[in-house]
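The chains referred to below are lettered A, B, ... by the order of the sequence lines, with proteins before strands, and numbering in each begins at 1.
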Number of protein chains: 2
Amino acid sequence: MDHKDSRAPTIIDVARQAGVSPMTVSRVINGKQAVRPATREAVQAAIDALGYAPSAAARALAGGEEIRICLLFSNPSTSFLSELLMGSLEQASHHNVMLAVEKLAEPLSVEAVLAHLKHARINGIILPPPLCDSPEMLAALRDAGIRAVTLAASHRPDHFSSINMDDRLAAREMTRHLVALGHRRIGFVKGNPAYNSGQRRFEGYVAALADAGLPLDETLIAQGLFNYRSGLDAAEHLLDLPEPPTAIFACNDDMAAAAVAIAHGRGLDVPGDLTVCGFDDTPLATTIWPELTTVHQPISDMARAAVDLLVRDLRGQRDDAADEPSHVLLDFKLVRRQSDAAPRRRPRGRPKA
Amino acid sequence: MDHKDSRAPTIIDVARQAGVSPMTVSRVINGKQAVRPATREAVQAAIDALGYAPSAAARALAGGEEIRICLLFSNPSTSFLSELLMGSLEQASHHNVMLAVEKLAEPLSVEAVLAHLKHARINGIILPPPLCDSPEMLAALRDAGIRAVTLAASHRPDHFSSINMDDRLAAREMTRHLVALGHRRIGFVKGNPAYNSGQRRFEGYVAALADAGLPLDETLIAQGLFNYRSGLDAAEHLLDLPEPPTAIFACNDDMAAAAVAIAHGRGLDVPGDLTVCGFDDTPLATTIWPELTTVHQPISDMARAAVDLLVRDLRGQRDDAADEPSHVLLDFKLVRRQSDAAPRRRPRGRPKA
DNA sequence: AGCCGTCATGTTAGCGAAAACATCGCGCCT
DNA sequence: AGGCGCGATGTTTTCGCTAACATGACGGCT
């Protein structure tokens with residue numbers, strides 16, 4: 001298609017084609033300043049005709065500051081990670097910033113990390129759990145003058161922006177959904193107390209019960225650790241109760257999957273004899289059978305938002321020093337699949353042999 | 001630490017500090033041509049002292065060609081994807097090439113993709129499954145003159161380089177391991193026939209049986225589809241046999257997990273009463289209980305190798321047109337966890353009630 | 001002894017885009 | 001009516017680095 005087989009068209013080629021100066025083309029590309037509509041259209045036509053796309057490298061070079069941000073993670077589940085990566089990569093290329101991805105070695109030495117970040121000229125960092133909940137990490141970052149935004153952190157950080165999902169509300173809606181289905185005895189499997197999100201999910205459960213005027217039965221609450229193994233124990237305990245729940249709401253999908261396994265082990269049909277719901281919408285939720293009804297956390301959206309915020313903060317540094325961190329709360333979605341149903345008419349009846 | 005609070009040090013600062021010209025610094029950085037050891041050390045010292053790191057943007061700009069490669073995926077599991085991303089991102093930044101990550105919309109229109117790639121000035125593509133197994137995709141890419149390397153493809157592509165793992169050998173070793181444990185009746189759950197890797201894993205199983213002089217019992221072979229649900233059916237079928245296997249080797253972890261679930265549902269202990277092994281080492285393998293003995297596919301290494309190959313091909317284009325595609329086979333690793341054990345002394349004995 | 005190749009290093013000229021500054025034309029205000 | 005201001009566009013310079021070429025010193029060869 002090209003006149004010459006040689007190189008990709010540059011902004012100068014476009015300018016020539018459109019009969020304007022390169023600067024005008026640049027303005028059109030960046031949508032800046034005033035350009036007459038007629039001129040804009042001409043330039044756009046030239047761009048389309050030549051199949052021009054700006055060189056990211058040249059842009060970064062000329063644009064003054066070269067922004068490099070880093071997604072620093074230590075130990076999230078891979079599904080969480082890949083969502084995170086997808087979202088942040090996309091948005092990073094969108095803003096034309098470099099995105100490094102860094103895995104923190106296990107004995108996490110804050111100084112070592114900082115030294116590395118300094119060395120790699122990282123301007124800003126995205127911190128997913130569990131790093132975002134480490135006060136020393138946060139403090140060290142602040143002292144080093146590196147911008148950060150926490151993602152799904154337990155606590156709202158003091159000096160940084162944050163992106164979160166409303167765990168409490170999500171759990172409340174899920175519980176409300178269970179109540180609407182007709183369940184009255186709803187078991188809850190708590191998460192690892194070290195993670196605050198588990199706590200907030202529990203609060204949502206409690207609140208929804210109160211909303212519905214249902215009593216909070218302590219015996220229906222089992223402690224879990226967020227992992228499958230603990231979910232096994234918790235479900236075992238719940239189903240051993242003299243009057244077992246008709247539904248189990250677990251704090252994450254792994255534990256919910258464990259509850260399904262235990263139920264099947266006892267010959268219970270899910271959801272016929274027992275409704276099981278999870279939280280997070282990890283791939284596990286759709287690999288097991290029946291597929292789990294769960295809460296979908298918009299991880300890639302959160303990552304996108306985090307990049308946006310970080311870039312805004314970073315670019316803003318030059319403009320003004322207003323620097324107020326923002327805190328955004330993203331929408332979750334309750335996704336209904338096949339593990340929930342109304343309780344059997346006579347909850348205490350035996351499943352058919 | 002910096003003299004001025006202003007900007008990051010440039011190659012010129014380093015040159016001044018070391019008392020040489022910028023070009024010499026550039027040569028040291030790129031490890032090119034002959035630089036006297038003494039000079040090299042001086043420059044290195046200056047680099048360290050200033051904490052200098054080269055600007056990727058400037059490098060790409062000056063370096064002539066700006067290489068952009070793309071990881072094009074359609075539908076892999078997220079764990080596979082995140083490994084892929086980690087490896088390729090790391091290596092891409094290592095080579096200072098841009099890495100775009102592109103998800104293909106479901107109704108995969110090859111032309112649309114090509115148009116997009118052209119537009120985004122992508123020079124080379126990494127193709128994981130299932131895209132790498134689409135002949136039309138491969139043909140279209142070749143016709144468009146875009147370089148590609150397939151990753152874990154079923155067939156060795158004609159015109160592109162490829163990265164693979166030896167599925168056949170891995171399955172053979174796993175089976176051999178099971179035999180060494182004392183198992184004689186080893187069930188096999190095949191994968192979706194559409195994927196060739198499943199076929200090659202099956203071949204490995206057959207070969208290992210032959211190695212051990214064990215008969216190939218057709219009744220012990222169940223067809224699966226690579227998903228959990230199909231694993232449930234396959235395991236059910238296998239355990240319903242008048243003389244059930246003492247071990248089940250599933251073609252992937254999802255189906256192995258299903259087999260564990262079925263075993264538990266029947267009151268069978270894993271691995272006491274039944275050994276279950278998987279393949280792939282997905283996160284699922286370590287979330288369920290007991291954790292699965294499986295084959296670890298070095299996905300991130302494969303991604304790294306893919307990037308290396310692609311960059312070499314792309315840069316080589318300028319140098320010479322030798323252009324012979326290479327095909328590399330990476331090592332797998334058999335990872336033993338808690339789902340395998342020697343069979344019970346009397347295999348036909350009932351599990352204790 | 002003089003010439004030339006070769007190694008080690010310096011100099012110049014961009015790469016493609018955007019910032020900063022310059023220009024030009026036009027309508028509006030006093 | 002003259003100047004002022006501003007909107008639309010052009011020119012120049014700059015970003016950090018490397019390719020290509022230039023230089024200079026040194027040693028082996030005839």
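- For Arg59(B), a side-chain nitrogen or oxygen approaches OP1 or OP2 of dT18(D) to under 4.0 Å.
- In this structure, the side chains of Met86(B) and Leu85(A) come closer than 4.5 Å at one or more pairs of heavy atoms.
- Listed pair Ser21(A) / dT9(D) fails the phosphate criterion, with no side-chain N or O lying under 4.0 Å from OP1 or OP2.
- With dC15(D), dG10(D), dG14(C) as the candidates, the nucleotide lying closest to the side chain of Ala62(A) is dC15(D).
- Per the geometry, CD1 belonging to Ile11(A) stands 15 Å off C1' belonging to dT12(D), to the nearest Å.
- Across dG16(D), dA20(D), dA20(C), the shortest atom-to-atom separation from the side chain of Met23(B) is found for dA20(D).
- If you take CE of Met98(A) and P of dG16(D), they are 16 Å apart, rounded to a whole angstrom.
- The distance from atom CG of Asn96(B) to atom P of dC17(D) is 11 Å, rounded to the nearest whole Å.
- Heavy atoms of Pro54(B) sit under 4.0 angstrom from primed sugar atoms or phosphate atoms, though from no base atom.
- Closest non-hydrogen pair, Tyr52(B) versus Thr10(B), comes out as CE1-C, 3.5 Å.
- At dT9(C), one or more side-chain N or O atoms of Thr39(B) fall inside 4.0 Å of OP1 or OP2 (strictly under the cut-off).
- Across all strands shown, Thr24(A) has heavy atoms under 4.0 Å from sugar-phosphate atoms exclusively, and none from any base.
- Minimum atom distance to the side chain of Arg36(A) is reached by dT9(D), of the listed dT9(D), dC17(D), dG16(C).
- Ser326(A) and Arg312(A) share a side-chain donor-acceptor pair at under 3.5 Å.
- Side-chain atoms of Arg59(B) and Ser55(B) include no donor-acceptor pair closer than 3.5 Å.
- Taken from CE in Met98(A) to CD1 in Ile122(A), the straight-line distance is 9.5 Å, to the nearest 0.5 Å.
- Between Leu61(A) atom CG and dG16(D) atom C1' the separation is 5 Å, expressed in whole Å.
- Here the nucleotide nearest the side chain of Arg27(B), chosen from dG10(D), dG10(C), dA17(C), is dG10(C).
- At whole-Å resolution of the value, CD1 in Ile47(B) and C1' in dC17(D) are 13 Å apart.
- Val25(A) comes within 4.0 angstrom of no nucleic acid atom, judged by non-hydrogen atoms across all strands.
- Protein atom CG of Asn30(B) is 10 Å distant from nucleotide atom P of dC17(D), rounded to whole Å.
- What separates CD of Glu41(A) from P of dT9(D) is a distance of 12 Å, to the nearest Å.
- Residues Ala58(B) and Pro22(B) each lie close to DNA chain C; by heavy-atom proximity, the contact nearer the 5' end of the strand is made by Pro22(B).
- Within the 4.0 Å cut-off from OP1 or OP2 of dG16(D), not a single side-chain nitrogen or oxygen of Thr10(B) is found.
- As rounded to whole Å, 15 Å separates atom C1' of dG16(C) from atom CG of Leu50(A).
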